[in-house]
Amino acid sequence: MNHTPTTHSDTQSAERQAAQDAWKKCLAIIEDNINSQSFKTWFEPIVPLRLSGEELTIQVPSQFFYEWIEENYYSLLKRTILDVIGRNAKLTYSVVVQQSPVEPVTIKLPQQQSELPPPEPRPIAVSRAAQDFYKANVHRFEGYLKPTHTFDNFIKGDCNALALAAAKSVAETPGKNNFNPLVVYGGVGLGKTHLVQAIGNYVKVKRKAEFILYVSSEKFTIDFVSAIQSGKISEFSAFYRNIDLLIIDDVQFFEKKEKTQEEIFHIFNALHQSGKQIVLSCDRPLKELRGLEERLLSRFQWGLSTDLQAPDFETRLAILRRKMDDNGTTLPPDVINFIATNVTSNVREMEGCLIKLLATASMLGRDIDLPLTKSILKDIIRDKAMNISLEMIEKAVCDYFKISPNDIKGKSRKQEIALARQVAMYLGKQLTGSSLKTIGLHFGGRDHSTVIHACQTIEEAQQNSADLRKDLEELKKRLDIMSL
Ligand code: ADP
Ligand code: MG
């Protein structure tokens, strides 16, 4: 028998092979324990690098990825690795650091143990002169940071988990993370202001830092213009350049304001270069902003953008319960359920309902029950099912997918047309009181089994496609507006 000496590269490839085998077994276990969306997002991108002895090294795409896995899947991962590799198994992460588009390098991180003491918060150092200057000016901004906008008061759900984790991570290590700037975006009333202010409040209390500024982009713009008018532009600039954590809310307001954008651009550079943290919010994804200078837009995209989605039913319930607690009231479960079922688009509207309900009930001196709730909230909660028609759905879907009504009613099996047709049928079933037969007839004289099939297909496809969920959400929003 021939004996070939083992070479270095033999060992390497054996270790790689062993890692792949072990990781495959791990994935099979993990997949059974978490939902498929999370599995796809967080586990499929991981690359097993080597298994040497009982130490498994896996490669993750970013520091944030690593932190997220450690925070959310630590115990599952640990159990699985011990099961598959053995009692002394160790896990090491290799994090890809994107230095340039072509040259990813990796840094090694040991598995972070929760037993490690949290890093000691260190007050952010500031010069005396800067401190005085800040103190002289900051009164203008006091009151903007609402003390109740904290992480503790922010209810976590699937709709906001990623944004919340990123915000917390920034609050722990302002300026010393890869999320600079952190951009939180999402529709109205979904919690953007709450979340970005929670970062400010956290840093203020926990790190005892003084140089925190929350400002809306309107306020910034108004200040900027009056600084120009009163010849105080250099004071204005100096003020902003001395901030350690700058939070600017609703940056979409900067659209088409070139002079303000230029100022922001310089402030951004100065802060970023000196390791200060910037947090921004926007009512839509940055790339959809029009009238924002390219160089500013590209700066804004240096860090991490993360979105807030409309809350799902469970999160809506949890938020309502928390708001009741805060108000020191309780409401019967069917009332809470009614609100959570009917007010779906944003949290602010839901709060509005609760306040109106409590106020009216106390004025009338009556206990709140379901009939009273329905009558008090009838102006706010319209019977949307009655207001949305198949024609409206047809129009909204055709507009959205950029296809013609003839296509949607026709026989084409082209993928994008078939999908639009199925989406239309699904929405027809969900949002109108129409029968399957009527829906089928409307969309090209199809029979009811085709409608059932379409509904099932969309129902299932949604589970695995964030894009489709976004499409549906957007369509429902548009239909809501059309039905007003
Ligand atoms: P936006 O800035 O996105 O328009 P806000 O941050 O003003 O929205 O949120 C609207 C209201 O809803 C606020 O009172 C906020 O406290 C509340 N809110 C939003 N999301 C949550 C959440 N996840 N948990 C608790 N309250 C929330
Ligand atoms: Mg806001």
Side-chain angles (χ1 to χ4, degrees), residues 141 143-171 181-202 213-222 246-255 278-286 288-289 300 305-329 331 336 339-340 342-359 377 380-381 470 473-474 477 480-481:
F141 297 87
Y144 287 124
L145 210 54
K146 221 173 133 181
T148 51
H149 280 159
T150 59
F151 287 128
D152 287 345
N153 289 338
F154 194 81
I155 305 284
K156 181 176 168 184
D158 285 350
C159 53
N160 59 34
L162 196 59
L164 180 58
K168 283 185 170 167
S169 169
V170 163
L182 173 70
V183 182
V184 176
Y185 68 89
V188 288
L190 294 183
K192 298 183 295 296
T193 298
H194 187 140
L195 197 56
V196 297
Q197 288 207 351
I199 299 174
N201 278 316
Y202 186 92
L213 194 88
Y214 165 87
V215 65
S216 68
S217 32
E218 282 105 318
K219 170 82 179 150
F220 181 92
T221 306
I222 293 167
L246 175 61
I247 305 168
I248 307 183
D249 209 354
D250 291 314
V251 296
Q252 72 276 0
F253 192 77
F254 289 140
E255 280 184 326
I278 301 147
V279 175
L280 309 169
S281 87
C282 189
D283 71 351
R284 68 202 87 145
L286 291 174
E288 286 177 19
L289 288 180
F300 282 1
S305 280
T306 169
D307 67 333
L308 291 173
Q309 304 265 340
D312 48 72
F313 181 73
E314 282 73 26
T315 313
R316 295 202 294 274
L317 273 185
I319 292 174
L320 280 169
R321 293 206 180 102
R322 167 60 76 85
K323 303 280 168 194
M324 281 187 327
D325 277 355
D326 294 348
N327 277 300
T329 46
L331 292 172
I336 299 283
I339 302 174
N342 288 285
V343 187
T344 55
S345 60
N346 79 58
V347 183
R348 188 176 300 134
E349 195 182 357
M350 208 160 70
E351 280 183 356
C353 284
L354 202 59
I355 291 166
K356 178 161 183 191
L357 192 61
L358 297 175
L377 298 183
I380 303 179
I381 300 170
K470 279 217 174 91
E473 201 126 311
E474 177 61 30
K477 248 188 247 162
D480 265 354
I481 295 169

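Since we're looking at a predicted model, the values are computed, not measured. All values below come from the heavy atoms of this structure, side chains included, with hydrogens, waters and symmetry mates left out. Positions are given from 1 along the sequence. Every number for a ligand or one of its atoms is a count from 1 in the order of the listing.
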task: Show your working on salt bridge (Lys or Arg N to Asp or Glu O under 4.0 Å) between E351 and K356 and close with a plain yes or no.
output: CA-CA 9 Å; E351 280 183 356; K356 178 161 183 191; over 6 Å; no
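Close approach to N153 involves these atoms of ligand 1, each under 4.0 Å from a residue heavy atom: 24 (N), 25 (C). Those atoms of ligand 1 that come under 4.0 Å of a heavy atom in N160, given as number and element, are 23 (N). Here is the list of ligand 1 atoms found below 4.0 Å of a heavy atom in G187: 3 (O). Near K323, meaning under 4.0 Å from one of its heavy atoms, ligand 1 places the atoms 16 (O), 17 (C), 25 (C), 26 (N). Heavy-atom contacts of H194 reach the following atoms of ligand 1: 6 (O), 15 (C), 16 (O) (cutoff under 4.0 Å). Distances below 4.0 Å separate heavy atoms of V188 from the following atoms of ligand 1: 4 (O). Against a heavy-atom cut-off of under 4.0 Å, H149 is close to the following atoms of ligand 1: 16 (O).
Using 4.0 Å as the threshold, R322 has no heavy atom nearer than that to any atom of ligand 1. In this structure, G189 has a heavy atom closer than 4.0 Å to ligand 1.
Coordination check, T193 versus the Mg ion (ligand 2): passed, since an N/O/S atom of the residue sits under 2.8 Å.
Checking D283 against Y185 by side-chain atom types alone, no donor-acceptor pair falls below 3.5 Å. If you check the side chains of D250 and S216, you find no donor sitting under 3.5 Å from an acceptor.
The residue among R348, M350, Q197, E351 with a heavy atom at the shortest distance from atom 13 (C) of ligand 1 is E351.
Distance from atom 18 (N) of ligand 1 to its nearest protein heavy atom, with residue and atom name: V347 CG1, 3.3 Å. In terms of protein heavy-atom proximity, atom 8 (O) of ligand 1 is nearest to G191 N, 3.1 Å. The single protein non-hydrogen atom nearest to atom 24 (N) of ligand 1 is I155 N, 2.8 Å, given as residue, atom name and distance. Summary of contacts: the protein heavy atom closest to atom 21 (C) of ligand 1 is F154 CE1, 3.8 Å.
Listed here is the closest heavy atom pair of D312 and C159: OD2-N, 4.0 Å. Taking each heavy atom of S345 and L190 in turn, the nearest pair found is O-CD2, 3.5 Å.
In this structure a side-chain-to-backbone donor-acceptor pair under 3.5 Å is missing from N160 to L308. Remark: the backbone N or O of D249 is not paired with any side-chain donor or acceptor of S281 at under 3.5 angstrom. Of the possible polar contacts, none joining the Q252 side chain to the C282 backbone as a donor-acceptor pair under 3.5 Å is found. The backbone N or O of S217 sits less than 3.5 Å from a side-chain atom of T221, completing a donor-acceptor pair. The main-chain N or O of G187 is found under 3.5 Å from a side-chain atom of K192 such that the two form a donor-acceptor pair.
Under 4.0 Å from ligand 1, the heavy atoms of I319 that appear belong solely to its side chain.
No N or O atom of L195 sits closer than 3.5 Å to an N or O atom of ligand 1.
A side chain to side chain contact (heavy atoms under 4.5 Å, CB included) with Y214 is found for exactly one of I248, T193, V279, namely T193.
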